[in-house]
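Owing to the predicted nature of the structure, the values given are computational and were not obtained by experimental measurement. Lettering of chains follows the sequences in order, A, B, ..., and the numbering in each one begins at 1.
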Protein chains: 2
Amino acid sequence: MSAVGKVVSIGKCDGNSPRERIVAAASELFYRHGIRAVGVETIAEAAKTNKMTLYRHFSSKDELVAEYLRQLADKSTSAWARREAEHPGDPLGQVRAWLQETAARVTKGDERGCALANAAVELPEKDHPARRVIETFKAGQRARLIQLCAAAGLEEPELLAEELFLLLEGARVTAQSMGPRGLDERLLRMGERMIRAHTRCDGAAGPLQQ
Amino acid sequence: MSAVGKVVSIGKCDGNSPRERIVAAASELFYRHGIRAVGVETIAEAAKTNKMTLYRHFSSKDELVAEYLRQLADKSTSAWARREAEHPGDPLGQVRAWLQETAARVTKGDERGCALANAAVELPEKDHPARRVIETFKAGQRARLIQLCAAAGLEEPELLAEELFLLLEGARVTAQSMGPRGLDERLLRMGERMIRAHTRCDGAAGPLQQ
DNA sequence: CACAGGTGTTACCGGTCAGTAACTAAACCC
DNA sequence: GGGTTTAGTTACTGACCGGTAACACCTGTG
């Protein structure tokens with residue numbers, strides 16, 4: 001059935017504390033091969049440590065999984081903060097930046113979709129510690145998008161935000177079963193079209209560039 | 001890490017030949033719990049048979065997985081045939097029917113997304129026998145949608161088909177991490193809006209009901 | 001009746017899984 | 001220095017994994 005076993009080293013897993021190396025190694029392996037396909041022993045070795053140390057920092061593999069997802073959620077949060085800093089007072093610009101960055105990521109070779117969404121597929125048990133993280137993250141993501149669409153003065157912001165959200169979520173999952181096939185530029189066209197369809201004709205949302 | 005083990009019986013797994021029961025049991029268990037989470041022994045027991053008989057019909061678990069996905073792909077194909085029979089000469093009607101059926105399914109309680117897409121998440125190995133099935137299926141689905149949009153005389157049929165495809169694919173995957181939350185009616189609104197946006201103003205696509 | 005093919009049963013293989021015990025070595029802090 | 005915390009090492013548990021061997025059975029069909 002295939003497993004992973006014996007991964008000698010992993011990029012940036014050699015700095016800092018064992019704990020950080022463990023999470024870094026787990027992130028890489030979980031994302032690339034799937035959570036259930038990777039054993040704790042493999043993770044420990046890739047992190048240049050051992051299973052005992054891993055279990056001194058995480059009470060179970062499931063907790064390590066939760067931490068892996070938690071850190072990804074944090075990264076997403078800081079990405080939104082960065083976009084806000086790059087487009088201060090311009091919510092539509094922030095949405096566009098998110099659109100562009102995500103579309104670009106979809107077509108990158110090593111893309112395997114949203115790690116949180118993938119985890120939800122792999123871990124259907126509703127009481128798994130990872131599920132709280134996943135649900136909170138997705139709800140926050142959606143709320144942020146709605147808030148930005150509303151702040152941009154677009155019509156029916158909830159509907160637009162959901163359209164954009166589902167579009168990109170669909171693109172990320174589809175890229176795994178069909179490959180990217182130049183999806184990124186089409187995604188941008190679709191996104192812009194959706195935004196335009198929600199723009200008041202009186203120009204309240206400001207002029208649309210391009 | 002949680003597994004499945006000991007599933008006494010499974011709905012319609014008690015008819016016909018052992019082979020059919022095995023595939024039926026595997027379908028249920030793979031979809032509900034994930035492919036890697038279910039062992040062959042569990043499948044055999046749920047199918048009221050044993051591991052040896054399973055391996056007399058399938059050379060490996062991976063081959064059983066491929067057959068599981070193949071049968072689902074076939075069901076999808078016959079669903080398209082049914083829609084064609086229900087809306088003869090009306091490609092837009094077929095697209096709308098697909099939209100409605102899929103939207104309705106997304107919000108059903110036992111929904112766990114597209115089984116083929118989930119399998120792609122769980123089985124990233126590019127040489128896995130299931131991947132051929134998945135890629136062929138998704139490409140066919142997309143092609144059919146494009147062909148219908150084109151036959152309906154809609155503008156930029158490829159782009160519209162892809163929008164609809166990604167929208168529903170995103171909805172199915174999102175439902176797993178956020179729950180349905182009345183997504184179905186919103187999906188229909190979004191879909192109709194997209195179709196309308198691709199409808200020529202000269203009415204070449206026929207009048208839009210509602 | 002004989003024979004054949006599909007099925008059931010049991011026991012087994014080697015390997016891997018998550019998780020732990022007991023002990024040693026190193027780093028740290030006062 | 002001494003004591004504490006953290007990390008590494010080895011070996012282990014019990015369970016489960018996918019897959020197989022050998023043999024008994026049962027139900028057809030000629």
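- With hydrogens and angles ignored, no donor-acceptor pair under 3.5 angstrom links the side chain of B/Arg19 to the base of C/dG6.
- Whole-Å rounding puts the B/Glu41 CD to C/dG8 C1' distance at 13 Å.
- Atom CZ of A/Arg36 and atom C1' of D/dC17 are 13 Å apart (whole Å).
- The side chain of B/Thr53 places no N or O atom within less than 4.0 Å of a non-bridging phosphate oxygen (OP1 or OP2) of C/dG6.
- No side-chain donor-acceptor contact under 3.5 Å links B/Glu155 to the backbone of B/Thr199.
- Checking C/dA18, C/dT7, C/dG8 against every side-chain atom of B/Arg21, the shortest atom distance belongs to C/dG8.
- Contact annotation: A/His57 reaches the phosphate of D/dA7 (side-chain N/O to OP1 or OP2, under 4.0 Å).
- Of the candidates A/Glu162, A/Glu135, A/Glu158, A/Glu162 is the only one forming a salt bridge (Lys or Arg N to Asp or Glu O under 4.0 Å) with B/Arg181.
- Per the geometry, CG belonging to A/Leu64 stands 12 Å off C1' belonging to C/dA18, to the nearest Å.
- When the P atom of C/dG19 is taken as reference, atom NZ of A/Lys61 falls 9 Å away, rounded to whole Å.
- The distance between atom NZ of A/Lys51 and atom P of C/dA22, rounded to the nearest whole Å, is 16 Å.
- Donor-acceptor pairing under 3.5 Å, judged by distance alone, is absent between the side chain of B/Arg56 and the base of C/dG5.
- B/Glu122 and B/Arg36 are not joined by a salt bridge, as no carboxylate oxygen comes within less than 4.0 angstrom of a charged side-chain nitrogen.
- Straight-line distance from the CD atom of B/Glu45 to the P atom of C/dT10: 12 Å, rounded to whole Å.
- Computed from coordinates, the B/Phe58 CZ to C/dT7 P distance equals 11 Å when rounded to whole Å.
- Donor-acceptor pairing under 3.5 Å is recorded for the side chains of A/Gln141 and A/Trp80.
- Nearest to the side chain of A/Asn50, among D/dG8, D/dG19, C/dT9, sits D/dG8.
- Side-chain proximity of B/Pro18 to the nucleotides C/dT7, D/dT9, D/dG18 is greatest for C/dT7.
- Environment of CZ in A/Arg32: sparse, with no more than 12 heavy atoms of neighbouring residues, nucleotides or ligands closer than 6.0 Å.
- Taking atom CD1 on A/Ile43 and atom P on C/dG19, their separation rounds to 11 Å, with Å as the unit.
- The listed nucleotides are D/dT20, C/dT20, C/dG8; the one nearest the side chain of B/Thr49 is C/dG8.
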